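Worksheet for the structure shown next.
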Amino acid sequence: MPHSDGTVSITVNGEHKRVSAGLSLAGLATELGLVPEKIAVERNMEVVPRSTLADVMVEDSDDLEIVHFVGGGDHDTWTVAGRTFKSRLIVGTGKYKDFAQNAAAVEASGAEIVTVAVRRVNVSDRNAPMLTDFIDPKKITYLPNTAGCFDAESAIRTLRLAREAGGWELVKLEVLGEAKTLYPDMVETLRATEILANEGFKPMVYCVDDPIATKRLENAGAVAIMPLGAPIGSGLGIQNRVTIRLIVEGAGVPVLVDAGVGTASDAAVAMELGCDGVLMNTAIAEAKDPLMMAAAMKAAVESGRLAYRAGRMGLRRYADPSSPLAGLI
């Protein structure tokens with residue numbers, strides 16, 4: 001039976017997801033960024049003939065295994081708003097020494113998405129360097145954000161201008177409550193999400209680590225949920241693993257930890273909790289060696305993702321010997 005919000009809960013390749021009720025298996029594949037003609041589906045331990053994928057409907061509690069042939073290697077991708085990416089690391093473009101260092105860090109990180117602030121053009125110096133001269137928007141996806149906006153109206157204005165300037169619809173929304181903590185104002189954030197979604201934007205939304213609030217954002221049209229791990233720029237790491245896990249378990253859209261990452265182990269923890277990705281800026285830009293830290297973050301995200309997929313051992317209160325005690329001399 002569908003949930004009250006019109007979704008069904010399913011498991012896809014070991015990951016719990018909520019998707020819209022009424023989807024066929026072919027429709028689900030398309031939503032996941034896959035080509036139905038190039039996959040095989042096992043539904044509740046039974047292989048579904050490829051010719052019937054468009055006719056078989058996804059039902060609540062379905063357990064699906066979706067496979068395809070690859071040319072070697074591990075192609076563990078993720079999809080947001082119909083766009084598929086290999087790298088699960090998103091990096092910012094602020095606080096670097098210069099654009100050249102920023103571009104080098106992006107390359108070392110392997111990131112395919114960078115967040116960019118929307119600012120006024122420097123009309124007094126037309127020869128001032130621009131980010132696009134160093135990071136090619138044809139090769140790296142630009143994600144315009146609303147950093148520094150403290151109400152829904154200014155955030156909406158900013159993104160409308162961004163769309164006019166570059167045609168961007170996939171955007172990052174953040175509406176801050178006040179300057180000391182840079183915590184999101186969830187009332188204004190929710191209002192902005194609804195308006196932007198109605199205007200055709202695909203907002204990835206920075207928010208508090210609250211599973212109730214994140215579900216409301218998803219219902220309002222957020223294409224990705226981005227809860228903070230700790231205050232922006234603090235480097236404190238994920239402060240509440242329980243709520244992040246609850247958000248991941250209940251979300252029907254990608255979940256990415258945004259803010260608070262300080263070092264590689266923080267990124268690995270986020271991925272081990274089941275997050276689809278991690279966004280960071282200060283942790284790389286303010287490292288003593290930003291390029292080395294960018295490479296470390298790339299490795300941490302990849303290893304954390306592998307650990308999540310592998311499934312960690314259970315926790316025990318007491319010791320459990322690796323070697324059997326029976327038969328000792």
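In this text the structure is predicted, and so the values were computed from the model without any measurement.
In plain terms, the two heavy atoms of A213 and M186 that are nearest each other are CB-CE, 4.1 Å. Scanning both residues, P203 and G221, for their nearest heavy atoms gives CD-O, 3.7 Å. Scanning both residues, V257 and C275, for their nearest heavy atoms gives CG2-SG, 3.7 Å. Closest heavy-atom contact between L228 and P184: CD2-CD, 3.7 Å. Shown here for G92 and T115, the closest heavy-atom pair between the two residues is CA-OG1, 3.2 Å. For the residue pair L236 and A230, the shortest heavy atom distance occurs at CB-CB, 3.8 Å.
A salt bridge links E199 and R160; the closest N-O separation between the charged side-chain nitrogens and carboxylate oxygens is under 4.0 Å. A salt bridge is defined here as a Lys NZ or Arg NE, NH1 or NH2 lying under 4.0 Å from an Asp or Glu carboxylate O, and K172 with D258 meets this definition. A salt bridge does not link E169 to R83: none of the charged nitrogens lies less than 4.0 Å from a carboxylate oxygen. At a threshold of 4.0 Å, the pair E59-R43 counts as salt-bridged, since one of the basic side-chain nitrogens sits closer than that to a carboxylate oxygen.
Around atom CE of M45, no more than 12 heavy atoms belonging to other residues, nucleotides or ligands sit under 6.0 Å away. Around the CE atom of M57, the shell of radius 6.0 Å holds more than 12 heavy atoms that belong to other residues, nucleotides or ligands. By the neighbour-count criterion of 12 heavy atoms within 6.0 Å, atom CZ of R191 is densely surrounded, having more than that number from other residues, nucleotides or ligands. More than 12 non-hydrogen atoms from other residues, nucleotides or ligands lie less than 6.0 angstrom from CD of E15.
Between the side chain of T193 and the backbone N or O of T189, at least one donor-acceptor pair lies under 3.5 Å. Remark: the backbone N or O of T7 is paired with a side-chain donor or acceptor of D5 at under 3.5 angstrom. Of the possible donor and acceptor atoms, none in the side chain of R18 sits under 3.5 Å from a partner among the backbone N and O of G250. Of the possible donor and acceptor atoms, one in the side chain of N198 sits under 3.5 Å from a partner among the backbone N and O of E194. Put simply, the side chain of E188 gets close to the backbone of A152: a donor and an acceptor are under 3.5 Å apart. In this structure, R88 contributes its side chain and E302 its backbone to no donor-acceptor pair below 3.5 Å. The main-chain N or O of D98 is never found under 3.5 Å from a side-chain atom of N102 such that the two would form a donor-acceptor pair. Under a 3.5 Å cut-off, the side chain of T146 and the backbone N or O of C149 do not form any donor-acceptor pair. The backbone N or O of G94 lies less than 3.5 Å from a partner atom in the side chain of N281, making a donor-acceptor pair. Checking side-chain atoms of N44 against main-chain N and O of D63 turns up a donor-acceptor pair under 3.5 Å.
In this structure the side chain of I66 reaches within 4.5 angstrom of the side chain of L32, judged on heavy atoms. By the 4.5 Å heavy-atom criterion applied to side chains, I225 and P254 are not counted as neighbours. You'll find the side chain of Y96 reaches within 4.5 Å of the side chain of Q101, heavy atoms only. The closest side-chain heavy-atom distance from L64 to T11 is not below 4.5 Å. Under the 4.5 Å side-chain criterion, counting only non-hydrogen atoms from C-beta, E112 is not in contact with K139. Contact of the S9 side chain with the H3 side chain is registered, since non-hydrogen atoms from C-beta on lie closer than 4.5 Å. The closest side-chain heavy-atom distance from L279 to L256 is not below 4.5 Å. Counting heavy atoms from C-beta on, the side chains of K86 and D76 never come closer than 4.5 Å.
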TODO: For side-chain contact (heavy atoms from CB on, under 4.5 Å), just list the numbers for E178 and L176, CA-CA rounded to whole Å, side-chain angles, deciding distance to a tenth of an Å, and then say yes or no.
DONE: CA-CA 6 Å; E178 46 87 34; L176 306 175; over 6 Å; no
Open item on the list: Please evaluate residues M297 and I284 with respect to the criterion side-chain contact (heavy atoms from CB on, under 4.5 Å), reporting the C-alpha separation (whole Å), side-chain torsions for both, the decisive distance (0.1 Å), and the verdict.
Closed with: CA-CA 8 Å; M297 292 300 189; I284 296 176; 4.1 Å; yes
TODO: List the steps and the verdict of side-chain contact (heavy atoms from CB on, under 4.5 Å) for I39 and V67.
DONE: CA-CA 6 Å; I39 63 171; V67 302; over 6 Å; no
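T181 contributes atom OG1, which lies 8.5 Å from atom CD1 of I232 (distance to the nearest 0.5 angstrom). Interatomic distance, C207 SG to I247 CD1, rounded to the nearest 0.5 Å: 6.0 Å. The CD1 atom of I90 sits 11.5 Å away from atom CD1 of I140, with the distance rounded to the nearest 0.5 Å. Atom CG of L25 is separated from atom CZ of R50 by 13.0 Å, given to the nearest 0.5 angstrom. Rounding to the nearest 0.5 Å places OG of S24 at 10.5 Å from CD of E31. To the nearest 0.5 Å, atoms OG1 (T158) and CZ (R163) are separated by 13.5 Å.
In the hydrophobic cluster analysis, where Ile, Leu, Val, Met, Phe, Trp and Tyr join through side-chain heavy atoms closer than 4.5 angstrom, V41 is grouped together with I10. Hydrophobic clustering keeps V223 apart from V171 (ILVMFWY residues linked when any side-chain heavy atoms are closer than 4.5 Å, directly or through intermediates). V114 and F85 fall into different hydrophobic clusters, defined by Ile, Leu, Val, Met, Phe, Trp and Tyr side-chain heavy atoms under 4.5 Å apart, directly or through other members. Note on M226 and L173: separate hydrophobic clusters, where clusters join Ile, Leu, Val, Met, Phe, Trp and Tyr whose side-chain heavy atoms are under 4.5 Å apart, directly or indirectly. Tracing side-chain contacts under 4.5 Å through hydrophobic residues (I, L, V, M, F, W, Y), one never reaches L143 starting from I135; they form parts of separate clusters.
Between Y142 and W168, the ring planes lie parallel to each other; the angle is under 30°, not in the 30° to 60° tilted range.
Under the side-chain contact (heavy atoms from CB on, under 4.5 Å) rule, K215 has a single partner from I212, N219, L217, which is N219.
D151 and S154 are linked by a side-chain donor-acceptor pair at a separation below 3.5 angstrom, with hydrogens and angles left out of the test.
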